[in-house]
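Structure first, then comments.
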Amino acid sequence: MYRIETLDEFIIKRQKSYSTATGELTGLLRDIGLAAKIVNREVNKAGLINILGKFQKENASGEQVAKLDIYANDRLIDFLKTSGECAGIASEELEDFVVFPPRNEQRGKYVVVIDPLDGSSNIDVNVSVGTIFGIYRRVSPEDQDITLKDFLQPGLDLVAAGYVIYGTSTILVYSTGDGVNGFTLDPSIGEFCLSHRDIKIPEEGPYYSVNQGYYLKFDLEMRRYIDYCSDLNLRLRYIGTMVADIHRILFQGGVFLYPNTRKYPKGKLRLLYECNPLAYIVEQAGGKALNVKLERILEMQPEELHQRSSVIMGSPKMIDEMAEFVQRYAPNIPSEVG
Ligand code: P6P
């Protein structure tokens, strides 16, 4: 009889293997798991209660916000605010970061960046959506409120990152820098249970994931690489939820691309709470994550909360091939790859 291992058990067991671990990060990860269960419950019944449809408001990135976005944002904040380990959060849904008040004179040691419900455009048509999170150790003095600097840290400084995909099943995938593990929610017991141990991305795979509708708006080197993928008879899979497209590539191999376009000259996806956490996961699983200038996503120095970036991430062999196209067709690209 296979004994299930819950997320809580796994996190605590991992903490014991780190003598320096003090438990705060463990508590924070468990709080995120709990928040994910609440969000999952609402995502699963969204069609039954009136939280579908759009709010008449826009988020910090100027995109119209679906009600479930706000609901997920508020639940995650509620849990993180009371966790005691989190000093504040930056969210796709909020213009500025949120400072959590001290509890018993103590401020949390960590800050969290979140995309509460990635793939909003898919909510109303019952296509997978996700939550993305990244956790940093704060850099400001712990006896003071957090500052913007606590959030503008390169992805390399993440102490943990992960995502939840609300799909045919709800899976939480995370890493604390020592590999990637996946946990599937068992609704019968309300627990995330270890289902994918030590995930490793295939060296290459059968998929490329890009919004083909923007093909003519990409730079030459990206179009040439996309032509190459098509000539190889790779299969195009793109559903407009980054978490779901990356999840497929993590397990089956492939490459995800969102290059810059005329509409988004720096790329559309947000560096802090989309690119960095997912690049962290992909790299921890053995993959690579670069921008169109072949800079390593995790080494980029963020300058503002909602900064955008181009991103190409996935199987290492395919990223290296993409880099060859950039070096061949793009002007002034350095020879070394990020
Ligand atoms: P487009 C969702 O809004 C998102 O931020 C990502 O999850 C997704 O990959 C991308 O935008 C989809 O953007 O322009 O292809 O609709």
Side-chain angles (χ1 to χ4, degrees), residues 39 43 46 52-55 57-73 76 90-94 113-134 155 161-167 171 173 207-219 222-223 226 229 236-250 254-282 287 289-292 297 302 305-314:
V39 173
V43 166
L52 282 180
K54 301 280 186 194
F55 260 131
K57 68 174 287 198
E58 290 186 344
N59 65 15
S61 301
E63 295 160 344
Q64 201 181 48
V65 180
K67 292 179 181 178
L68 213 49
D69 273 341
I70 292 293
Y71 182 88
N73 186 64
L76 281 155
S91 167
E92 178 190 32
E93 301 310 333
L94 300 172
V113 293
I114 54 171
D115 182 352
L117 216 61
D118 176 55
S120 314
S121 57
N122 285 322
I123 292 172
D124 292 351
V125 291
N126 201 29
V127 169
S128 299
V129 292
T131 294
I132 309 172
F133 65 89
Y163 64 84
V164 183
I165 179 169
Y166 310 99
I171 300 177
V173 174
Y207 297 112
Y208 69 111
S209 184
V210 66
N211 187 328
Q212 190 69 23
Y214 301 154
Y215 175 81
L216 294 176
K217 299 174 178 64
F218 295 146
D219 292 337
M222 287 295 118
R223 283 183 276 127
I226 292 167
C229 291
L236 177 58
R237 291 287 188 280
Y238 186 83
I239 71 163
T241 295
M242 188 180 187
V243 166
D245 288 321
I246 296 297
H247 187 74
R248 176 190 301 106
I249 284 167
L250 196 64
V255 59
F256 174 89
L257 310 94
Y258 205 122
N260 51 298
T261 62
R262 280 195 290 274
K263 180 179 179 184
Y264 294 113
K266 292 190 174 174
K268 175 191 178 186
L269 300 176
R270 277 51 59 109
L271 178 60
L272 260 65
Y273 39 78
E274 288 178 312
C275 299
N276 268 336
L278 294 177
Y280 184 88
I281 290 290
V282 165
L290 308 177
N291 62 25
V292 292
I297 292 287
L305 281 185
H306 302 289
Q307 176 173 334
R308 298 176 187 270
S309 175
S310 59
V311 60
I312 304 117
M313 62 170 86

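Every number for a ligand or one of its atoms is a count from 1 in the order of the listing.
Leu236 is listed as a side-chain neighbour of Tyr208, based on a closest heavy-atom distance under 4.5 Å. For the pair Met313 and Ile297, the minimum side-chain heavy-atom distance is 4.5 Å or more.
Under the ring-ring contact (aromatic ring centres under 6.0 Å, His included) criterion, Tyr273 pairs with His306, not counting sequence neighbours. Under the rule for a ring-ring contact (aromatic ring centres under 6.0 Å, His included), the partners of Tyr163 that lie at least two apart in sequence or sit in another chain are His247.
The contact shell of ligand 1, taken as protein residues with any non-hydrogen atom closer than 4.0 angstrom, comprises Asp118, Gly119, Asn211, Tyr214, Tyr238, Gly240, Thr241, Met242, Phe256, Tyr258, Lys268, Leu269, Arg270, Glu274.
Residue pairs that meet the side chain to side chain donor-acceptor pair (under 3.5 Å) test with at least one member in residues 257-268, sequence neighbours left out, are Asp219-Asn260.
Note that CE of Met242 and CG of Leu278 are 5.0 Å apart. Values are rounded to the nearest 0.5 Å.
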